[in-house]
Chemist: 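One structure follows; several queries about it will come next.
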Amino acid sequence: MANPDTIFSAPIDKIGDFTFDERVAEVFPDMIQRSIPGYSNIISAIGMLAERYAKPHSNVYDLGCSLGAATLSMRRHINQEGCQIIGVDNSSAMVERCRLLINAYRSDTPVTIIEADIRDVDIQDASVVVLNFTLQFLAPIDRRALLEKIYAGLRPGGILILSEKYIFEDESANELLIDLHHDFKRANGYSELEISQKRSAIEHVMLPDTIETHKQRFNDIGFKSAEVWFQCFNFGSMFAIK
């Protein structure tokens with residue numbers, strides 16, 4: 001059973017910026033399931049998409065892999081000769097736990113987990129690239145450069161899977177979707193204090209884009225097709241095909 005997320009359950013005098021440290025890594029599976037609507041569906045479908053798009057003798061990247069949920073889902077589905085998965089995360093606490101989880105199960109598809117900043121990693125000969133709730137934590141000024149690097153490293157016909165929290169230009173719609181997300185968290189046992197303190201910790205760290213911004217950026221970079229394939233409240237996932 002996952003360790004329960006109680007990080008924000010007691011009053012905190014000075015709330016700092018949210019970081020993926022040892023405490024977060026310890027409770028991450030519980031935190032993510034109770035915080036992101038549709039997370040399990042997204043993880044399952046990432047495996048299905050990887051099964052369709054992974055090519056023999058190509059690389060599959062999970063950028064910002066955290067504890068490797070997307071990596072494990074892809075590994076269960078990929079059955080291509082010479083295909084390897086490369087997971088990257090800059091949190092040593094996440095990487096350490098991720099390697100243990102990956103090594104607990106045997107598979108014919110090799111997996112390498114690298115501790116690094118995803119902005120510094122070369123993307124080469126890729127058929128699938130996953131950014132599962134990762135891009136939103138990069139400074140907005142760095143996002144396009146990373147996506148351009150991914151595009152350059154993708155094979156023609158390769159797929160980028162991008163899961164994100166969204167912001168909406170219509171203010172009333174945006175507020176409604178935020179409220180529904182908070183209702184979702186309440187239904188999963190988070191208190192008003194936890195919701196408020198988590199929001200304060202993350203508001204300067206996670207800066208979401210609109211769906212239109214994502215689509216326009218994909219189009220400007222050169223992806224031939226991009227669409228939202230899943231959305232629940234203000235969270236969702238998109239694909240972009242080279």
Side-chain angles (χ1 to χ4, degrees), residues 18-22 24-25 28 32 42-43 46-47 49-50 53-75 77-78 80 82-103 107 109-165 205-209 214 217-218 220-223 226 237-242:
F18 184 86
T19 57
F20 292 93
D21 56 14
E22 184 71 34
V24 170
F28 192 68
I32 209 88
I42 291 170
I43 291 298
I46 285 172
L49 287 164
Y53 282 90
K55 301 300 180 193
H57 307 288
S58 72
N59 294 322
V60 170
Y61 291 87
D62 182 5
L63 303 178
C65 62
S66 62
L67 298 184
T71 290
L72 288 166
S73 180
M74 291 192 289
R75 190 174 72 168
H77 284 80
I78 292 172
Q80 295 286 0
C83 187
Q84 67 165 338
I85 302 173
I86 301 163
V88 184
D89 205 283
N90 68 351
S91 164
S92 56
M94 289 289 188
V95 166
E96 185 182 338
R97 282 173 166 76
C98 182
R99 286 174 177 156
L100 291 172
L101 289 166
I102 297 296
N103 293 334
S107 172
T109 301
V111 175
T112 303
I113 304 298
I114 300 167
E115 184 181 338
D117 189 315
I118 60 173
R119 290 166 292 194
D120 300 331
V121 173
D122 287 334
I123 308 297
Q124 297 180 337
D125 201 20
S127 56
V128 180
V129 177
V130 172
L131 284 165
N132 200 41
F133 301 104
T134 300
L135 191 70
Q136 61 200 20
F137 288 103
L138 288 189
I141 199 170
D142 292 340
R143 293 174 189 178
R144 175 157 179 152
L146 175 64
L147 293 172
E148 286 175 340
K149 184 167 71 168
I150 290 168
Y151 180 84
L154 270 171
R155 291 183 177 185
I159 190 170
L160 165 63
I161 304 162
L162 175 73
S163 310
E164 291 277 286
K165 185 179 184 180
V205 178
M206 186 176 71
L207 302 169
D209 289 319
H214 286 296
R217 195 159 47 205
F218 286 145
D220 292 346
I221 289 169
F223 286 95
S237 192
M238 309 176 73
F239 63 76
I241 298 169
K242 181 170 178 178

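Model, not experiment: these values are computed from the prediction.
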Chemist: Which residues satisfy the side-chain contact (heavy atoms from CB on, under 4.5 Å) test with Ser91, sequence neighbours excluded?
Modeler: Phe20, Asp89, Ala93, Met94
Chemist: So, taking the atom named CD1 in Ile113 and the one named CD1 in Ile85, what distance separates them when rounded to the nearest 0.5 Å?
Modeler: 8.5 Å
Chemist: Which atom names give the shortest non-hydrogen contact between Ala50 and Val128, and what distance separates them?
Modeler: CA-CG2, 4.3 Å
Chemist: Going from CE on Met238 to NE2 on His214, what distance comes out if it is rounded to the nearest 0.5 angstrom?
Modeler: 6.5 Å
Chemist: For Glu22, which residues count as a side-chain hydrogen bond (donor to acceptor under 3.5 Å, both in side chains) partner, sequence neighbours excluded?
Modeler: Arg97
Chemist: Evaluate the side-chain proximity of Phe218 to Leu162: yes if any heavy-atom separation is below 4.5 Å, no if none is.
Modeler: yes
Chemist: Run the side-chain contact (heavy atoms from CB on, under 4.5 Å) test against Ser92 and tell me which residues pass, sequence neighbours left out.
Modeler: Glu115
Chemist: Return yes if some donor-acceptor pair links the side-chain N/O of Ser127 with the main-chain N/O of Ser58 below 3.5 Å, else return no.
Modeler: no
Chemist: Identify, with sequence neighbours excluded, every residue that meets side-chain hydrogen bond (donor to acceptor under 3.5 Å, both in side chains) alongside Gln84.
Modeler: Asn59
Chemist: Only counting residues at least two apart or in another chain, list the ones meeting side-chain contact (heavy atoms from CB on, under 4.5 Å) with Asp220.
Modeler: Arg144, Gln216
Chemist: Kindly compute the distance separating NZ (Lys149) from CG (Leu63), expressed to the nearest 0.5 Å.
Modeler: 8.0 Å
Chemist: State, yes or no, whether a side-chain contact exists between Ile42 and Phe133 at a heavy-atom distance under 4.5 Å.
Modeler: yes
Chemist: Starting at CD1 of Ile241, measure out to CD1 of Ile159 and round the result to the nearest 0.5 Å.
Modeler: 5.0 Å
Chemist: At their closest point, which heavy atom of Val95 faces which heavy atom of Ile114, and how far apart are they?
Modeler: CG2-O, 4.1 Å
Chemist: Only pairs under 3.5 Å count here: list side-chain donor-acceptor contacts from residues 65-74, not counting sequence neighbours, and write none if there are none.
Modeler:
{"unit_1": "Thr71", "atom_1": "OG1", "unit_2": "Asp62", "atom_2": "OD2", "d": "2.7"}
{"unit_1": "Ser73", "atom_1": "OG", "unit_2": "Ile43", "atom_2": "O", "d": "2.7"}
{"unit_1": "Ser73", "atom_1": "OG", "unit_2": "Gly47", "atom_2": "N", "d": "3.3"}

Chemist: Which residues satisfy the side-chain hydrogen bond (donor to acceptor under 3.5 Å, both in side chains) test with Asp142, sequence neighbours excluded?
Modeler: Arg119
Chemist: Using modelled atom types only, decide if a donor and an acceptor are shared between the side chain of Glu164 and the backbone of Gln136 within a distance under 3.5 Å.
Modeler: yes
Chemist: Where do Gly64 and Ile118 come nearest, in terms of heavy atoms and distance?
Modeler: N-CG2, 3.6 Å
Chemist: Who are the side-chain contact (heavy atoms from CB on, under 4.5 Å) partners of Tyr151, not counting sequence neighbours?
Modeler: Ile221, Phe223, Lys242
Chemist: For a side chain to side chain contact (heavy atoms under 4.5 Å, CB included) check, start with the C-alpha distance between Gln80 and Val60, then their side-chain angles and the critical distance, and finish with the verdict.
Modeler: CA-CA 11 Å; Gln80 295 286 0; Val60 170; over 6 Å; no
Chemist: If every non-hydrogen atom of Val88 is compared with every non-hydrogen atom of Ala116, which pair is closest and at what distance?
Modeler: CG1-O, 3.5 Å
Chemist: Calculate, to the nearest 0.5 Å, the distance between atoms CZ and CG belonging to Arg143 and Asp209 respectively.
Modeler: 4.5 Å
Chemist: By the salt bridge (charged side-chain N to carboxylate O under 4.0 Å, His left out) test, which pairs, at least two apart or in different chains, include something from residues 150-159?
Modeler: Asp125-Arg155
Chemist: Rounded to the nearest 0.5 Å, what separation is found between the CD1 atom of Ile46 and the OG atom of Ser237?
Modeler: 5.5 Å
Chemist: Tell me every residue that passes side-chain hydrogen bond (donor to acceptor under 3.5 Å, both in side chains) with Thr109, counting only those two or more places apart in sequence or in another chain.
Modeler: none
Chemist: Can you check whether Leu131 reaches Leu146 side chain to side chain, under 4.5 Å on heavy atoms?
Modeler: yes
Chemist: Is there a donor-acceptor pair under 3.5 Å between the side chain of Tyr61 and the backbone N or O of Gln124?
Modeler: yes
